[in-house]
Amino acid sequence: MTARVDVLQLLDGTWGDGTRPRDLFRGPLQEDPAGYARDIVAGLTGGSRKVQNGCAELASLLSEQRPELLYPHLALFVANLTAKEPVLRWEAVCTIGNLVATDGPGATRASLDTVARHLDDPSIVLQGHAARALAKMARAFPDLAPAILRRLIAAAENFPGSRVGYVVEAMEAFAGGALARQAAAFVAPYAASAINPVATKARRALKRLGAAPPRPARARSGR
């Protein structure tokens with residue numbers, strides 16, 4: 001086991017190879033995730049802006065791998081959903097989406113409206129995180145799925161160009177349920193998109209939703 005490092009001190013310094021949040025997550029945090037979870041929470045609440053931003057990124061990464069370590073601090077991430085600092089908002093949305101996986105009591109349900117409002121944010125990062133988080137909520141809480149589907153479809157017009165791929169991908173959350181046909185109907189036109197990444201995501205979503213992509217219209221031959 002490698003020696004424990006002072007993550008907060010490293011984050012407060014110059015970030016470079018080995019000291020960026022992702023590097024720290026792949027390195028020392030893998031040795032003692034529970035211990036470093038305490039450091040992350042401490043940095044989010046009492047560190048400099050740079051430390052808070054770094055800890056926010058670490059929290060989102062850790063929550064994907066070990067959500068149970070951060071779930072007791074859900075209130076902190078809920079508060080950061082409306083934080084002034086953009087990075088704190090981005091990563092709070094991502095983290096809450098990941099915490100759904102370990103949310104037996106259903107406490108993350110109360111964040112639905114706040115997360116959904118970020119679908120209209122001008123930040124592509126925040127929009128993407130919001131769409132993914134809502135998809136995870138729809139899978140975990142079937143009773144919320146109809147409202148989530150409506151919010152996603154209504155927000156699609158605020159996802160210009162390739163951004164709409166985030167909404168298309170989120171439709172996969174409704175596979176195998178009563179809303180699959182409605183989700184597929186939304187996705188189908190995007191299978192013919194001139195934007196290749198969007199078309200690819202749409203075809204994959206349709207397959208998972210149990211629907212075949214629409215056949216391209218045949219060109220009429222002239223006489």
Are the charged groups of R4 and E31 less than 4.0 angstrom apart, N to O?
-> no
Nearest heavy-atom approach of T108 to M137 is O-CE, 3.5 Å
Could you tell me whether the side chain of V164 reaches within less than 4.5 Å of the side chain of K201, counting heavy atoms only?
-> no
CZ/R38 to CG/D32 distance, rounded to the nearest 0.5 angstrom?
-> 6.5 Å
Determine yes or no for a side-chain-to-main-chain donor-acceptor pair under 3.5 angstrom, with Q30 supplying the side chain and F25 the backbone.
-> yes
Looking only at heavy atoms, which two atoms of G18 and D23 are closest? And how far apart?
-> N-OD2, 2.9 Å
Is any side-chain heavy atom of P86 less than 4.5 Å from a side-chain heavy atom of L126?
-> no
For the pair D17 and R20, find out whether any cationic side-chain nitrogen is under 4.0 Å from an anionic carboxylate oxygen.
-> yes
Gap separating the CD atom of E57 from the CD atom of Q52, nearest 0.5 angstrom = 14.5 Å
Which pair of non-hydrogen atoms, one from A37 and one from L62, has the smallest distance, and what is that distance?
-> CB-CD2, 3.8 Å
How long is the gap from CD1 on I195 to CZ on R163, to the nearest 0.5 Å?
-> 12.0 Å
First locate atom CD1 of I40, then atom CG of L70, and finally report the distance between them rounded to the nearest 0.5 Å.
-> 6.0 Å
Backbone N/O of A83 and side chain of R89: donor-acceptor pair under 3.5 Å = yes
Please collect all ring-ring contact (aromatic ring centres under 6.0 Å, His included) contacts where either partner lies in residues 155-207, sequence neighbours excluded, each pair once.
-> F186-Y190
State which residues pass side chain to side chain contact (heavy atoms under 4.5 Å, CB included) with S60; sequence neighbours excluded, sorted by chain then number.
-> E91, C94, T95
Heavy-atom closest pair (L152 atom, A170 atom, distance to 0.1 Å) is CD1-CB, 4.0 Å
Determine the minimum heavy-atom distance between L209 and V187, stating which atoms define it.
-> CD1-CG2, 4.3 Å
Report yes if the side chains of L61 and L29 come closer than 4.5 Å at any heavy-atom pair, otherwise no.
-> no
Run the salt bridge (charged side-chain N to carboxylate O under 4.0 Å, His left out) check on R109 and D143 step by step: do they pass?
-> CA-CA 10 Å; R109 297 165 59 95; D143 61 307; 2.6 Å; yes
Check whether any side-chain N or O of K50 sits under 3.5 Å from a backbone N or O of G13 as a donor-acceptor pair, and report yes or no.
-> yes
A107: side chain to side chain contact (heavy atoms under 4.5 Å, CB included) partners, not counting sequence neighbours | Y71, L74, D103
Let me see the working for V168 and S193 under side chain to side chain contact (heavy atoms under 4.5 Å, CB included), right down to the final yes or no.
-> CA-CA 12 Å; V168 170; S193 173; over 6 Å; no
Report the residues that fulfil side chain to side chain contact (heavy atoms under 4.5 Å, CB included) with P146, sequence neighbours left out, ordered by chain and then residue number.
-> R150, L179
Quick one: are M171 and Q182 in side-chain contact, heavy atoms under 4.5 Å?
-> no
Rounded to the nearest 0.5 Å, the OG atom of S162 sits from the CD1 atom of I124 at a distance of 5.5 Å
Give every donor-acceptor pair under 3.5 Å between a side-chain atom in residues 41-49 and any protein atom, sequence neighbours left out.
unit_1 : atom_1 : unit_2 : atom_2 : d
T45    : OG1    : V41    : O      : 3.1
T45    : OG1    : A42    : O      : 3.2
S48    : OG     : D12    : OD1    : 2.7
S48    : OG     : V51    : N      : 3.2
R49    : NE     : E85    : OE1    : 3.4

Non-hydrogen atoms of A133 and G97 that approach each other most closely | CB-CA, 3.8 Å
Mind jotting down which residue pairs meet the ring-ring contact (aromatic ring centres under 6.0 Å, His included) criterion with at least one end in residues 73-130? Sequence neighbours excluded, please.
-> none
Using the side chain to side chain contact (heavy atoms under 4.5 Å, CB included) rule, pick out the option among I153, V115, L134 that qualifies with I148.
-> L134
How far does CG of D6 sit from CG of D39, to the nearest 0.5 angstrom?
-> 7.5 Å
State whether the side chain of Y36 and the backbone N or O of V5 hold a donor-acceptor pair below 3.5 Å, judged by distance alone.
-> yes
